[in-house]
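To start, the structure under review is shown below, and the notes come after it.
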There are 2 protein chains.
Amino acid sequence: MAKLFHEYKNPSLAVDLVIFGYHDNTLSVLLLNRKEEPFKDCWTLPGGFLQMEETFLGTCYRILKTKTGMDDVFLEQLYSFDNPGRDPRGRVIAVGYYALINPARFNIIAGSMANDVKWFDVHKMPKLGFDHRDIFQLALQRLKSKILYDPVGFELLDELFTITELHELYECILETTIDRRNFRRKILDAEYVINTGTKREGLQNRHPELYKFNKKLKKNSFQINVNVS
Amino acid sequence: MAKLFHEYKNPSLAVDLVIFGYHDNTLSVLLLNRKEEPFKDCWTLPGGFLQMEETFLGTCYRILKTKTGMDDVFLEQLYSFDNPGRDPRGRVIAVGYYALINPARFNIIAGSMANDVKWFDVHKMPKLGFDHRDIFQLALQRLKSKILYDPVGFELLDELFTITELHELYECILETTIDRRNFRRKILDAEYVINTGTKREGLQNRHPELYKFNKKLKKNSFQINVNVS
DNA sequence: TTACTTCACGTTAAAATGACGCAAACAGGT
DNA sequence: ACCTGTTTGCGTCATTTTAACGTGAAGTAA
(Lines give C-alpha, C1' and ligand atoms only; values in the text may rest on other atoms or scores of the structure.)
Protein backbone atom coordinates (compact mmCIF):
# COMPACT_ATOMS: atom_id res chain seq x y z
CA MET A 1 0.00 0.00 0.00
CA ALA A 2 1.32 3.38 -0.92
CA LYS A 3 -0.56 5.25 1.76
CA LEU A 4 -1.28 4.34 5.32
CA PHE A 5 -4.76 3.03 5.78
CA HIS A 6 -6.39 6.05 7.32
CA GLU A 7 -4.71 8.66 5.22
CA TYR A 8 -7.25 8.20 2.48
CA LYS A 9 -9.90 10.85 2.45
CA ASN A 10 -13.23 9.50 3.57
CA PRO A 11 -16.76 10.87 3.43
CA SER A 12 -18.17 11.93 6.77
CA LEU A 13 -20.73 9.67 8.36
CA ALA A 14 -23.85 11.00 9.98
CA VAL A 15 -26.76 9.29 11.69
CA ASP A 16 -30.20 10.83 11.20
CA LEU A 17 -33.21 9.88 13.28
CA VAL A 18 -36.87 9.73 12.37
CA ILE A 19 -38.50 9.71 15.79
CA PHE A 20 -42.16 8.74 15.66
CA GLY A 21 -44.52 9.54 18.48
CA TYR A 22 -48.23 8.89 18.79
CA HIS A 23 -50.50 11.13 20.81
CA ASP A 24 -54.13 12.23 20.59
CA ASN A 25 -54.76 10.00 17.60
CA THR A 26 -51.98 11.67 15.67
CA LEU A 27 -48.71 10.24 14.42
CA SER A 28 -45.95 12.80 14.74
CA VAL A 29 -42.27 13.15 14.05
CA LEU A 30 -39.81 15.07 16.19
CA LEU A 31 -37.95 17.82 14.32
CA LEU A 32 -35.18 20.24 15.24
CA ASN A 33 -34.89 23.82 14.15
CA ARG A 34 -31.28 24.32 13.14
CA LYS A 35 -29.35 27.18 14.70
CA GLU A 36 -26.40 27.00 12.30
CA GLU A 37 -25.66 26.93 8.62
CA PRO A 38 -26.37 25.09 6.47
CA PHE A 39 -30.15 25.14 6.62
CA LYS A 40 -30.14 27.64 9.46
CA ASP A 41 -33.71 28.15 10.74
CA CYS A 42 -34.85 25.12 8.77
CA TRP A 43 -36.53 22.11 10.33
CA THR A 44 -34.48 18.92 10.13
CA LEU A 45 -34.34 15.46 11.59
CA PRO A 46 -32.21 15.14 14.70
CA GLY A 47 -28.81 13.84 13.70
CA GLY A 48 -25.16 13.80 14.48
CA PHE A 49 -21.82 12.63 13.21
CA LEU A 50 -20.57 9.18 13.99
CA GLN A 51 -17.58 9.36 16.31
CA MET A 52 -14.57 7.26 15.51
CA GLU A 53 -15.17 4.67 18.22
CA GLU A 54 -18.95 4.79 18.21
CA THR A 55 -21.51 2.35 16.88
CA PHE A 56 -24.59 3.56 14.99
CA LEU A 57 -26.76 2.79 18.00
CA GLY A 58 -24.28 4.64 20.19
CA THR A 59 -24.74 7.71 18.04
CA CYS A 60 -28.51 7.26 18.10
CA TYR A 61 -28.65 7.21 21.88
CA ARG A 62 -26.27 10.14 22.17
CA ILE A 63 -28.57 12.18 19.91
CA LEU A 64 -31.66 11.04 21.75
CA LYS A 65 -30.15 11.84 25.12
CA THR A 66 -28.69 15.25 24.36
CA LYS A 67 -31.43 16.62 22.14
CA THR A 68 -34.55 15.07 23.63
CA GLY A 69 -33.63 13.52 26.98
CA MET A 70 -34.90 10.11 25.93
CA ASP A 71 -33.39 6.68 26.28
CA ASP A 72 -34.47 3.06 26.02
CA VAL A 73 -36.59 3.29 22.92
CA PHE A 74 -37.27 1.07 19.93
CA LEU A 75 -34.72 1.77 17.21
CA GLU A 76 -34.22 0.15 13.83
CA GLN A 77 -31.88 0.86 10.98
CA LEU A 78 -33.71 2.19 7.96
CA TYR A 79 -31.38 2.79 5.04
CA SER A 80 -28.15 4.57 4.16
CA PHE A 81 -28.28 7.65 1.99
CA ASP A 82 -25.47 8.51 -0.36
CA ASN A 83 -26.64 11.29 -2.63
CA PRO A 84 -23.40 13.24 -3.20
CA GLY A 85 -25.21 16.58 -3.01
CA ARG A 86 -27.19 15.87 0.13
CA ASP A 87 -25.01 18.08 2.36
CA PRO A 88 -23.66 21.39 1.00
CA ARG A 89 -20.64 21.20 3.34
CA GLY A 90 -19.22 18.22 1.49
CA ARG A 91 -19.60 14.52 1.13
CA VAL A 92 -21.66 13.14 3.98
CA ILE A 93 -23.20 9.70 4.08
CA ALA A 94 -26.26 9.43 6.31
CA VAL A 95 -27.38 6.28 8.02
CA GLY A 96 -31.07 6.61 8.78
CA TYR A 97 -32.68 5.08 11.84
CA TYR A 98 -36.23 5.34 13.01
CA ALA A 99 -37.48 5.28 16.57
CA LEU A 100 -40.88 4.53 18.03
CA ILE A 101 -41.57 6.23 21.32
CA ASN A 102 -44.42 6.99 23.62
CA PRO A 103 -44.27 10.76 24.15
CA ALA A 104 -46.15 10.41 27.44
CA ARG A 105 -43.27 8.39 28.90
CA PHE A 106 -40.93 11.33 28.46
CA ASN A 107 -43.26 14.19 29.24
CA ILE A 108 -42.75 15.58 25.79
CA ILE A 109 -46.05 16.04 24.08
CA ALA A 110 -46.94 18.26 21.19
CA GLY A 111 -46.43 21.91 21.95
CA SER A 112 -44.77 21.44 25.30
CA MET A 113 -41.21 21.70 24.13
CA ALA A 114 -38.75 24.42 23.37
CA ASN A 115 -39.13 26.43 20.21
CA ASP A 116 -36.36 24.56 18.47
CA VAL A 117 -37.62 21.02 19.12
CA LYS A 118 -41.15 20.18 18.03
CA TRP A 119 -43.50 17.37 17.15
CA PHE A 120 -45.05 17.63 13.70
CA ASP A 121 -48.06 15.70 12.49
CA VAL A 122 -46.81 13.48 9.66
CA HIS A 123 -49.44 15.11 7.45
CA LYS A 124 -48.34 18.63 8.27
CA MET A 125 -44.61 18.44 7.82
CA PRO A 126 -42.70 21.64 7.08
CA LYS A 127 -40.08 21.84 4.37
CA LEU A 128 -37.07 19.92 5.59
CA GLY A 129 -33.36 20.61 5.14
CA PHE A 130 -30.86 18.25 3.51
CA ASP A 131 -32.55 15.17 2.01
CA HIS A 132 -34.50 14.68 5.20
CA ARG A 133 -37.82 14.56 3.43
CA ASP A 134 -36.66 11.41 1.62
CA ILE A 135 -35.52 9.84 4.87
CA PHE A 136 -38.78 10.71 6.59
CA GLN A 137 -40.89 9.31 3.77
CA LEU A 138 -38.97 6.06 3.67
CA ALA A 139 -39.35 5.73 7.43
CA LEU A 140 -43.09 6.29 7.26
CA GLN A 141 -43.41 3.75 4.49
CA ARG A 142 -41.37 1.25 6.51
CA LEU A 143 -43.53 1.78 9.59
CA LYS A 144 -46.70 1.30 7.56
CA SER A 145 -45.58 -2.02 6.17
CA LYS A 146 -43.99 -3.17 9.41
CA ILE A 147 -47.06 -2.93 11.62
CA LEU A 148 -48.90 -5.25 9.25
CA TYR A 149 -46.86 -8.27 10.28
CA ASP A 150 -44.74 -7.22 13.26
CA PRO A 151 -46.15 -6.16 16.62
CA VAL A 152 -44.43 -2.80 16.99
CA GLY A 153 -47.59 -0.82 17.65
CA PHE A 154 -47.34 -1.23 21.40
CA GLU A 155 -44.07 0.75 21.34
CA LEU A 156 -46.19 3.82 20.68
CA LEU A 157 -48.81 3.09 23.35
CA ASP A 158 -48.86 2.94 27.11
CA GLU A 159 -47.92 -0.29 28.83
CA LEU A 160 -51.61 -1.08 29.25
CA PHE A 161 -53.99 -0.30 26.43
CA THR A 162 -57.40 -1.23 25.12
CA ILE A 163 -58.10 -3.00 21.87
CA THR A 164 -59.85 0.14 20.69
CA GLU A 165 -56.72 2.18 21.31
CA LEU A 166 -54.63 -0.30 19.34
CA HIS A 167 -57.25 -0.28 16.61
CA GLU A 168 -57.22 3.52 16.40
CA LEU A 169 -53.42 3.47 16.20
CA TYR A 170 -53.56 1.12 13.22
CA GLU A 171 -56.17 3.21 11.44
CA CYS A 172 -54.16 6.35 12.10
CA ILE A 173 -50.88 4.98 10.79
CA LEU A 174 -52.35 3.16 7.82
CA GLU A 175 -54.72 5.99 6.97
CA THR A 176 -57.61 3.69 6.31
CA THR A 177 -60.56 2.15 8.10
CA ILE A 178 -60.29 -1.36 9.46
CA ASP A 179 -63.37 -3.17 10.64
CA ARG A 180 -63.39 -2.94 14.41
CA ARG A 181 -64.67 -6.48 15.01
CA ASN A 182 -62.44 -8.20 12.48
CA PHE A 183 -59.44 -6.35 13.86
CA ARG A 184 -60.22 -7.47 17.39
CA ARG A 185 -60.58 -11.07 16.31
CA LYS A 186 -57.29 -11.07 14.41
CA ILE A 187 -55.32 -9.49 17.21
CA LEU A 188 -56.78 -11.84 19.81
CA ASP A 189 -56.40 -14.98 17.68
CA ALA A 190 -52.76 -14.12 17.08
CA GLU A 191 -52.23 -13.69 20.82
CA TYR A 192 -50.71 -10.30 20.08
CA VAL A 193 -51.97 -9.14 23.47
CA ILE A 194 -52.73 -10.53 26.90
CA ASN A 195 -55.83 -9.59 28.85
CA THR A 196 -54.79 -8.18 32.20
CA GLY A 197 -58.23 -8.63 33.74
CA THR A 198 -58.39 -4.97 34.68
CA LYS A 199 -60.57 -2.36 33.05
CA ARG A 200 -60.04 1.26 32.22
CA GLU A 201 -62.20 3.32 34.57
CA GLY A 202 -63.20 6.87 33.88
CA LEU A 203 -65.39 9.02 31.75
CA GLN A 204 -66.10 6.53 29.01
CA ASN A 205 -69.14 4.43 28.41
CA ARG A 206 -68.76 0.71 28.90
CA HIS A 207 -65.38 0.19 30.56
CA PRO A 208 -63.00 -1.50 28.14
CA GLU A 209 -60.61 -4.25 29.19
CA LEU A 210 -56.93 -3.42 29.45
CA TYR A 211 -54.35 -5.51 27.60
CA LYS A 212 -50.59 -5.67 27.52
CA PHE A 213 -48.29 -6.82 24.75
CA ASN A 214 -47.51 -10.53 24.64
CA LYS A 215 -43.73 -10.62 24.72
CA LYS A 216 -43.66 -14.32 23.92
CA LEU A 217 -45.39 -13.72 20.61
CA LYS A 218 -43.72 -15.71 17.87
CA LYS A 219 -42.72 -13.95 14.68
CA ASN A 220 -45.08 -13.82 11.72
CA SER A 221 -48.07 -14.99 13.68
CA PHE A 222 -50.38 -12.38 12.27
CA GLN A 223 -50.93 -10.43 9.11
CA ILE A 224 -53.22 -7.44 8.88
CA ASN A 225 -54.66 -6.86 5.44
CA VAL A 226 -55.54 -3.45 4.20
CA ASN A 227 -56.57 -2.00 0.90
CA VAL A 228 -53.33 -0.45 -0.23
CA SER A 229 -53.98 2.63 -2.31
CA MET B 1 -16.54 25.56 13.99
CA ALA B 2 -13.06 25.02 15.32
CA LYS B 3 -11.93 22.70 12.58
CA LEU B 4 -12.61 22.71 8.90
CA PHE B 5 -15.30 20.31 7.96
CA HIS B 6 -13.23 17.53 6.48
CA GLU B 7 -10.39 17.64 8.93
CA TYR B 8 -12.29 15.43 11.32
CA LYS B 9 -11.18 11.86 11.22
CA ASN B 10 -13.79 9.63 9.65
CA PRO B 11 -14.25 5.89 9.46
CA SER B 12 -13.58 4.37 6.07
CA LEU B 13 -16.56 3.30 4.04
CA ALA B 14 -16.62 0.04 2.16
CA VAL B 15 -19.27 -1.57 0.00
CA ASP B 16 -19.57 -5.36 0.17
CA LEU B 17 -21.56 -7.41 -2.31
CA VAL B 18 -23.49 -10.61 -1.87
CA ILE B 19 -23.85 -11.78 -5.46
CA PHE B 20 -26.43 -14.54 -5.86
CA GLY B 21 -26.48 -16.76 -8.88
CA TYR B 22 -28.75 -19.69 -9.68
CA HIS B 23 -27.59 -22.57 -11.82
CA ASP B 24 -28.34 -26.29 -12.00
CA ASN B 25 -30.95 -26.03 -9.25
CA THR B 26 -28.40 -24.53 -6.88
CA LEU B 27 -28.28 -21.09 -5.32
CA SER B 28 -24.72 -19.85 -5.14
CA VAL B 29 -22.77 -16.84 -3.97
CA LEU B 30 -19.70 -15.42 -5.65
CA LEU B 31 -16.65 -15.24 -3.40
CA LEU B 32 -13.14 -13.89 -3.79
CA ASN B 33 -9.97 -15.39 -2.43
CA ARG B 34 -7.97 -12.52 -0.97
CA LYS B 35 -4.41 -12.04 -2.10
CA GLU B 36 -3.48 -9.55 0.64
CA GLU B 37 -3.65 -9.14 4.36
CA PRO B 38 -5.83 -9.04 6.29
CA PHE B 39 -7.51 -12.39 5.70
CA LYS B 40 -4.95 -13.36 3.05
CA ASP B 41 -6.02 -16.64 1.40
CA CYS B 42 -9.45 -16.37 2.99
CA TRP B 43 -12.67 -16.31 1.05
CA THR B 44 -14.55 -13.02 1.26
CA LEU B 45 -17.37 -11.16 -0.39
CA PRO B 46 -16.29 -8.90 -3.24
CA GLY B 47 -16.00 -5.38 -1.93
CA GLY B 48 -14.26 -2.09 -2.27
CA PHE B 49 -13.89 1.30 -0.68
CA LEU B 50 -16.25 4.09 -1.55
CA GLN B 51 -14.42 6.79 -3.48
CA MET B 52 -15.00 10.37 -2.47
CA GLU B 53 -17.22 11.25 -5.44
CA GLU B 54 -18.86 7.89 -5.85
CA THR B 55 -22.35 6.69 -5.01
CA PHE B 56 -22.92 3.27 -3.42
CA LEU B 57 -24.24 1.96 -6.71
CA GLY B 58 -21.22 3.42 -8.44
CA THR B 59 -18.98 1.41 -6.17
CA CYS B 60 -21.11 -1.69 -6.71
CA TYR B 61 -20.78 -1.50 -10.46
CA ARG B 62 -17.08 -0.78 -10.26
CA ILE B 63 -16.60 -3.91 -8.16
CA LEU B 64 -18.82 -5.97 -10.44
CA LYS B 65 -17.02 -4.75 -13.53
CA THR B 66 -13.45 -5.14 -12.37
CA LYS B 67 -13.80 -8.36 -10.42
CA THR B 68 -16.40 -10.25 -12.39
CA GLY B 69 -16.94 -8.47 -15.70
CA MET B 70 -20.64 -8.05 -15.05
CA ASP B 71 -22.91 -5.08 -15.44
CA ASP B 72 -26.63 -4.32 -15.55
CA VAL B 73 -27.78 -6.53 -12.71
CA PHE B 74 -30.40 -6.30 -10.00
CA LEU B 75 -28.93 -4.59 -6.93
CA GLU B 76 -30.51 -3.66 -3.64
CA GLN B 77 -29.15 -2.15 -0.47
CA LEU B 78 -29.18 -4.63 2.36
CA TYR B 79 -27.92 -3.07 5.58
CA SER B 80 -24.98 -1.12 6.96
CA PHE B 81 -22.57 -2.83 9.31
CA ASP B 82 -20.81 -0.93 12.03
CA ASN B 83 -19.17 -3.45 14.33
CA PRO B 84 -16.02 -1.57 15.42
CA GLY B 85 -13.90 -4.72 15.24
CA ARG B 86 -15.05 -5.90 11.85
CA ASP B 87 -11.85 -4.85 10.04
CA PRO B 88 -8.47 -5.32 11.77
CA ARG B 89 -6.99 -2.42 9.81
CA GLY B 90 -9.16 0.11 11.62
CA ARG B 91 -12.63 1.49 11.68
CA VAL B 92 -14.45 0.54 8.51
CA ILE B 93 -18.17 0.81 7.99
CA ALA B 94 -19.56 -1.58 5.39
CA VAL B 95 -22.66 -0.96 3.35
CA GLY B 96 -23.97 -4.31 2.18
CA TYR B 97 -25.71 -4.77 -1.15
CA TYR B 98 -26.99 -7.93 -2.73
CA ALA B 99 -27.18 -8.72 -6.40
CA LEU B 100 -29.25 -11.25 -8.32
CA ILE B 101 -27.69 -12.39 -11.54
CA ASN B 102 -28.09 -15.08 -14.11
CA PRO B 103 -24.64 -16.68 -14.37
CA ALA B 104 -25.42 -17.92 -17.88
CA ARG B 105 -25.69 -14.32 -19.11
CA PHE B 106 -22.06 -13.70 -18.20
CA ASN B 107 -20.53 -17.04 -19.08
CA ILE B 108 -19.47 -17.54 -15.51
CA ILE B 109 -20.79 -20.79 -14.22
CA ALA B 110 -19.58 -22.84 -11.30
CA GLY B 111 -16.01 -24.02 -11.75
CA SER B 112 -15.29 -22.11 -14.90
CA MET B 113 -13.60 -19.16 -13.25
CA ALA B 114 -10.15 -18.33 -12.01
CA ASN B 115 -8.92 -19.86 -8.80
CA ASP B 116 -9.50 -16.70 -6.85
CA VAL B 117 -13.12 -16.09 -7.89
CA LYS B 118 -15.63 -18.86 -7.32
CA TRP B 119 -19.28 -19.68 -6.91
CA PHE B 120 -20.18 -21.42 -3.66
CA ASP B 121 -23.40 -23.25 -2.98
CA VAL B 122 -25.10 -21.33 -0.17
CA HIS B 123 -25.16 -24.58 1.81
CA LYS B 124 -21.45 -25.21 1.38
CA MET B 125 -19.93 -21.88 2.28
CA PRO B 126 -16.34 -21.77 3.45
CA LYS B 127 -15.26 -19.75 6.49
CA LEU B 128 -15.42 -16.10 5.52
CA GLY B 129 -13.16 -13.21 6.45
CA PHE B 130 -14.26 -10.01 8.22
CA ASP B 131 -17.93 -10.16 9.28
CA HIS B 132 -18.88 -11.40 5.86
CA ARG B 133 -20.74 -14.40 7.20
CA ASP B 134 -23.18 -12.04 8.93
CA ILE B 135 -23.64 -10.05 5.74
CA PHE B 136 -24.18 -13.19 3.70
CA GLN B 137 -26.72 -14.60 6.13
CA LEU B 138 -28.70 -11.41 6.24
CA ALA B 139 -28.74 -11.29 2.45
CA LEU B 140 -29.99 -14.86 2.20
CA GLN B 141 -32.69 -14.16 4.73
CA ARG B 142 -33.72 -11.04 2.81
CA LEU B 143 -33.88 -12.95 -0.45
CA LYS B 144 -36.02 -15.64 1.12
CA SER B 145 -38.58 -13.22 2.43
CA LYS B 146 -38.48 -11.01 -0.64
CA ILE B 147 -39.44 -13.62 -3.22
CA LEU B 148 -42.59 -14.34 -1.24
CA TYR B 149 -44.18 -11.02 -2.19
CA ASP B 150 -41.93 -9.43 -4.79
CA PRO B 151 -41.26 -10.88 -8.23
CA VAL B 152 -37.48 -10.94 -8.16
CA GLY B 153 -37.13 -14.60 -9.10
CA PHE B 154 -36.92 -13.89 -12.80
CA GLU B 155 -33.68 -11.97 -12.21
CA LEU B 156 -32.04 -15.33 -11.62
CA LEU B 157 -33.56 -17.06 -14.65
CA ASP B 158 -33.29 -16.72 -18.40
CA GLU B 159 -35.48 -14.19 -20.17
CA LEU B 160 -37.82 -17.01 -21.12
CA PHE B 161 -38.58 -19.70 -18.59
CA THR B 162 -41.13 -22.37 -17.79
CA ILE B 163 -43.41 -22.41 -14.78
CA THR B 164 -41.62 -25.53 -13.64
CA GLU B 165 -38.29 -23.71 -13.70
CA LEU B 166 -39.73 -20.87 -11.64
CA HIS B 167 -41.26 -23.40 -9.28
CA GLU B 168 -37.94 -25.20 -8.81
CA LEU B 169 -36.24 -21.87 -8.14
CA TYR B 170 -38.71 -21.11 -5.35
CA GLU B 171 -38.30 -24.54 -3.80
CA CYS B 172 -34.53 -24.22 -3.99
CA ILE B 173 -34.37 -20.80 -2.36
CA LEU B 174 -37.01 -21.47 0.27
CA GLU B 175 -35.72 -24.97 0.99
CA THR B 176 -39.17 -26.45 1.11
CA THR B 177 -41.66 -28.15 -1.15
CA ILE B 178 -44.47 -26.16 -2.71
CA ASP B 179 -47.35 -27.92 -4.42
CA ARG B 180 -46.72 -27.68 -8.14
CA ARG B 181 -50.33 -27.07 -9.12
CA ASN B 182 -51.12 -24.53 -6.43
CA PHE B 183 -47.93 -22.67 -7.26
CA ARG B 184 -48.88 -22.52 -10.92
CA ARG B 185 -52.35 -21.22 -10.08
CA LYS B 186 -51.01 -18.48 -7.81
CA ILE B 187 -48.37 -17.29 -10.24
CA LEU B 188 -50.80 -17.22 -13.13
CA ASP B 189 -53.64 -15.58 -11.17
CA ALA B 190 -51.25 -12.85 -10.04
CA GLU B 191 -50.19 -12.27 -13.66
CA TYR B 192 -46.62 -12.62 -12.52
CA VAL B 193 -45.76 -13.97 -15.95
CA ILE B 194 -46.91 -13.68 -19.55
CA ASN B 195 -47.29 -16.66 -21.82
CA THR B 196 -45.17 -16.14 -24.91
CA GLY B 197 -46.98 -18.80 -26.92
CA THR B 198 -43.74 -20.61 -27.62
CA LYS B 199 -42.65 -23.91 -26.14
CA ARG B 200 -39.31 -25.25 -25.04
CA GLU B 201 -38.21 -27.93 -27.52
CA GLY B 202 -35.63 -30.53 -26.72
CA LEU B 203 -35.00 -33.63 -24.76
CA GLN B 204 -37.93 -33.46 -22.38
CA ASN B 205 -41.32 -35.07 -22.37
CA ARG B 206 -44.32 -32.87 -22.97
CA HIS B 207 -42.96 -29.53 -24.19
CA PRO B 208 -43.62 -26.86 -21.56
CA GLU B 209 -44.80 -23.38 -22.46
CA LEU B 210 -42.33 -20.51 -22.18
CA TYR B 211 -43.19 -17.44 -20.13
CA LYS B 212 -41.60 -14.08 -19.56
CA PHE B 213 -41.86 -11.76 -16.59
CA ASN B 214 -44.78 -9.32 -16.60
CA LYS B 215 -43.07 -5.98 -16.21
CA LYS B 216 -46.39 -4.20 -15.64
CA LEU B 217 -47.07 -6.28 -12.56
CA LYS B 218 -48.35 -4.12 -9.75
CA LYS B 219 -46.71 -4.35 -6.33
CA ASN B 220 -48.03 -6.73 -3.71
CA SER B 221 -50.24 -8.61 -6.12
CA PHE B 222 -49.22 -12.00 -4.86
CA GLN B 223 -48.14 -13.69 -1.69
CA ILE B 224 -46.60 -17.12 -1.58
CA ASN B 225 -47.20 -18.97 1.66
CA VAL B 226 -44.71 -21.42 3.03
CA ASN B 227 -44.29 -23.27 6.28
CA VAL B 228 -41.61 -21.17 7.92
CA SER B 229 -39.41 -23.30 10.11
C1' DT C 1 -86.35 5.97 33.30
C1' DT C 2 -84.84 7.00 28.59
C1' DA C 3 -81.41 8.00 25.08
C1' DC C 4 -77.02 7.37 23.43
C1' DT C 5 -72.36 5.52 23.16
C1' DT C 6 -68.85 2.00 23.34
C1' DC C 7 -67.55 -2.71 23.95
C1' DA C 8 -67.56 -7.70 23.33
C1' DC C 9 -69.06 -11.47 20.92
C1' DG C 10 -71.63 -13.70 16.91
C1' DT C 11 -73.17 -14.89 12.13
C1' DT C 12 -72.83 -15.65 7.22
C1' DA C 13 -71.59 -15.51 2.36
C1' DA C 14 -67.64 -15.20 -0.47
C1' DA C 15 -62.84 -15.93 -1.38
C1' DA C 16 -58.48 -18.21 -0.73
C1' DT C 17 -55.97 -22.20 0.40
C1' DG C 18 -54.18 -26.97 0.58
C1' DA C 19 -54.35 -31.50 -0.94
C1' DC C 20 -55.21 -34.15 -4.59
C1' DG C 21 -56.94 -36.50 -9.49
C1' DC C 22 -56.37 -37.02 -14.28
C1' DA C 23 -55.67 -36.81 -19.15
C1' DA C 24 -52.88 -34.77 -22.97
C1' DA C 25 -48.14 -34.35 -24.77
C1' DC C 26 -43.82 -36.12 -25.51
C1' DA C 27 -39.39 -39.43 -25.82
C1' DG C 28 -37.78 -43.87 -26.28
C1' DG C 29 -38.08 -48.66 -26.73
C1' DT C 30 -40.34 -52.68 -28.61
C1' DA D 1 -47.77 -48.85 -34.67
C1' DC D 2 -48.06 -49.67 -29.87
C1' DC D 3 -46.78 -49.59 -25.06
C1' DT D 4 -44.26 -47.29 -20.95
C1' DG D 5 -42.83 -43.76 -18.09
C1' DT D 6 -42.50 -38.88 -17.30
C1' DT D 7 -43.82 -34.05 -17.43
C1' DT D 8 -47.24 -30.68 -18.13
C1' DG D 9 -51.60 -28.27 -17.79
C1' DC D 10 -56.08 -28.02 -15.97
C1' DG D 11 -59.64 -29.27 -12.60
C1' DT D 12 -62.08 -30.70 -8.21
C1' DC D 13 -63.35 -30.26 -3.47
C1' DA D 14 -63.20 -29.96 1.55
C1' DT D 15 -61.41 -26.70 4.76
C1' DT D 16 -59.83 -22.31 6.29
C1' DT D 17 -59.74 -17.44 6.10
C1' DT D 18 -61.74 -13.17 5.10
C1' DA D 19 -64.99 -9.27 4.74
C1' DA D 20 -69.18 -7.38 5.98
C1' DC D 21 -72.46 -6.74 9.25
C1' DG D 22 -75.94 -7.81 13.62
C1' DT D 23 -76.90 -7.48 18.43
C1' DG D 24 -77.18 -7.20 23.29
C1' DA D 25 -74.57 -5.86 27.61
C1' DA D 26 -72.22 -2.15 30.07
C1' DG D 27 -71.67 2.29 30.89
C1' DT D 28 -72.68 7.78 30.89
C1' DA D 29 -75.66 11.73 30.77
C1' DA D 30 -80.15 13.71 30.85
Side-chain angles (χ1 to χ4, degrees), chain A residues 24-25 147-149 157-158 160-172 174 176-212 214 218 220-229, chain B residues 24-25 147-149 157-158 160-172 174 176-212 214 218 220-229:
Chain A
D24 279 342
N25 234 305
I147 57 165
L148 298 180
Y149 62 88
L157 297 175
D158 292 340
L160 299 184
F161 51 87
T162 66
I163 303 272
T164 299
E165 284 162 7
L166 187 63
H167 176 238
E168 284 173 345
L169 172 67
Y170 271 76
E171 290 196 331
C172 174
L174 296 171
T176 183
T177 56
I178 303 171
D179 184 271
R180 194 169 34 94
R181 294 144 292 187
N182 293 337
F183 179 82
R184 163 186 297 273
R185 179 166 30 133
K186 200 141 204 176
I187 292 296
L188 291 178
D189 286 355
E191 300 181 274
Y192 184 117
V193 292
I194 298 169
N195 193 326
T196 63
T198 58
K199 295 177 187 240
R200 186 182 297 289
E201 312 289 336
L203 307 176
Q204 21 231 324
N205 298 309
R206 179 171 177 173
H207 296 172
E209 294 172 345
L210 285 169
Y211 291 81
K212 62 181 177 182
N214 176 9
K218 53 195 179 303
N220 291 94
S221 57
F222 74 102
Q223 169 73 43
I224 305 279
N225 300 300
V226 293
N227 300 344
V228 188
S229 56
Chain B
D24 280 342
N25 234 305
I147 57 165
L148 298 180
Y149 62 88
L157 298 174
D158 293 339
L160 299 184
F161 51 87
T162 67
I163 302 272
T164 299
E165 284 161 7
L166 188 63
H167 176 239
E168 284 172 345
L169 172 67
Y170 270 76
E171 289 196 332
C172 174
L174 297 171
T176 184
T177 55
I178 304 170
D179 184 88
R180 188 170 43 91
R181 294 145 291 190
N182 293 337
F183 178 83
R184 164 185 295 275
R185 181 180 46 189
K186 199 138 203 177
I187 291 296
L188 291 178
D189 286 356
E191 299 180 273
Y192 185 118
V193 291
I194 298 168
N195 193 326
T196 63
T198 57
K199 295 177 186 235
R200 187 182 296 290
E201 312 289 335
L203 307 175
Q204 20 230 324
N205 299 309
R206 178 169 179 175
H207 295 173
E209 294 172 343
L210 285 169
Y211 291 81
K212 62 181 178 183
N214 175 9
K218 53 196 179 301
N220 291 94
S221 56
F222 73 102
Q223 169 74 43
I224 305 280
N225 300 298
V226 293
N227 301 343
V228 188
S229 57

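Hydrogens, waters and symmetry mates are skipped; everything else that's a heavy atom, side chains included, is used. Each chain gets a letter, A, B and so on, in the order the sequences are listed, and its residues count up from 1.
Residue pairs that meet the salt bridge (charged side-chain N to carboxylate O under 4.0 Å, His left out) test with at least one member in residues 177-201 of chain B, sequence neighbours left out, are E165(B)-R200(B), D179(B)-R181(B).
For the segment residues 205-212 of chain A, residues with any heavy atom less than 4.0 angstrom from an atom of DNA chain C are, sorted by number, N205(A), R206(A), P208(A), E209(A). Within residues 189-202 of chain A, the residues having any heavy atom under 4.0 Å from DNA chain D are, by residue number, G202(A).
For the pair I147(A) and L174(A), the minimum side-chain heavy-atom distance is below 4.5 Å. Looking at L188(B) and Y211(B), their side chains come closer than 4.5 Å, going by heavy atoms from C-beta outward. Residues N225(B) and Q223(B) form a side-chain contact, since some pair of their non-hydrogen atoms from C-beta on lies under 4.5 Å apart.
In this structure, L166(A) places its CG atom 15 Å from C1' of dC7(C), rounding to the nearest Å.
In this structure, the separation between CG on L157(A) and OG1 on T162(A) is 8.5 Å, given to the nearest 0.5 Å. In this structure, the separation between OG1 on T176(B) and CD1 on I224(B) is 12.0 Å, given to the nearest 0.5 Å. A distance of 9.0 Å separates CD of Q204(A) from OG1 of T164(A), quoted to the nearest 0.5 Å.
Among the heavy atoms of the strands, none lies under 4.0 Å from I163(A). If you check every strand for non-hydrogen atoms under 4.0 Å, T162(B) touches nothing.
In this view, E171(B) and H167(B) satisfy the side chain to side chain donor-acceptor pair (under 3.5 Å) rule, not counting sequence neighbours. Annotation: ring-ring contact (aromatic ring centres under 6.0 Å, His included) contacts of F161(A) (sequence neighbours excluded): none. In this structure D158(A) satisfies the side chain to side chain donor-acceptor pair (under 3.5 Å) test together with N102(A), sequence neighbours excluded. The side chain to side chain contact (heavy atoms under 4.5 Å, CB included) check on T196(A) picks up L160(A), T198(A), L210(A), K212(A), with sequence neighbours excluded. Under the ring-ring contact (aromatic ring centres under 6.0 Å, His included) criterion, F222(A) pairs with Y192(A), not counting sequence neighbours. Residues passing the side chain to side chain contact (heavy atoms under 4.5 Å, CB included) test with D24(B): none are found, sequence neighbours excluded.
Bracketed by its first and final contacts, the part of DNA chain D lying under 4.0 Å from non-hydrogen atoms of chain B reaches from dG5(D) to dT12(D) in 5' to 3' order.
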B/S/- contact track for nucleotides 11-22 of chain C, protein heavy atom under 4.0 Å: ------BBBBB-
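One end of the helix from dT1(C)-dA30(D) to dT30(C)-dA1(D) points its axis 10° away from the other end's axis, with each axis taken from 5 pairs and the angle rounded to 10°.
Of all heavy-atom pairs spanning S221(B) and A190(B), the tightest one is O-CB, 3.7 Å.
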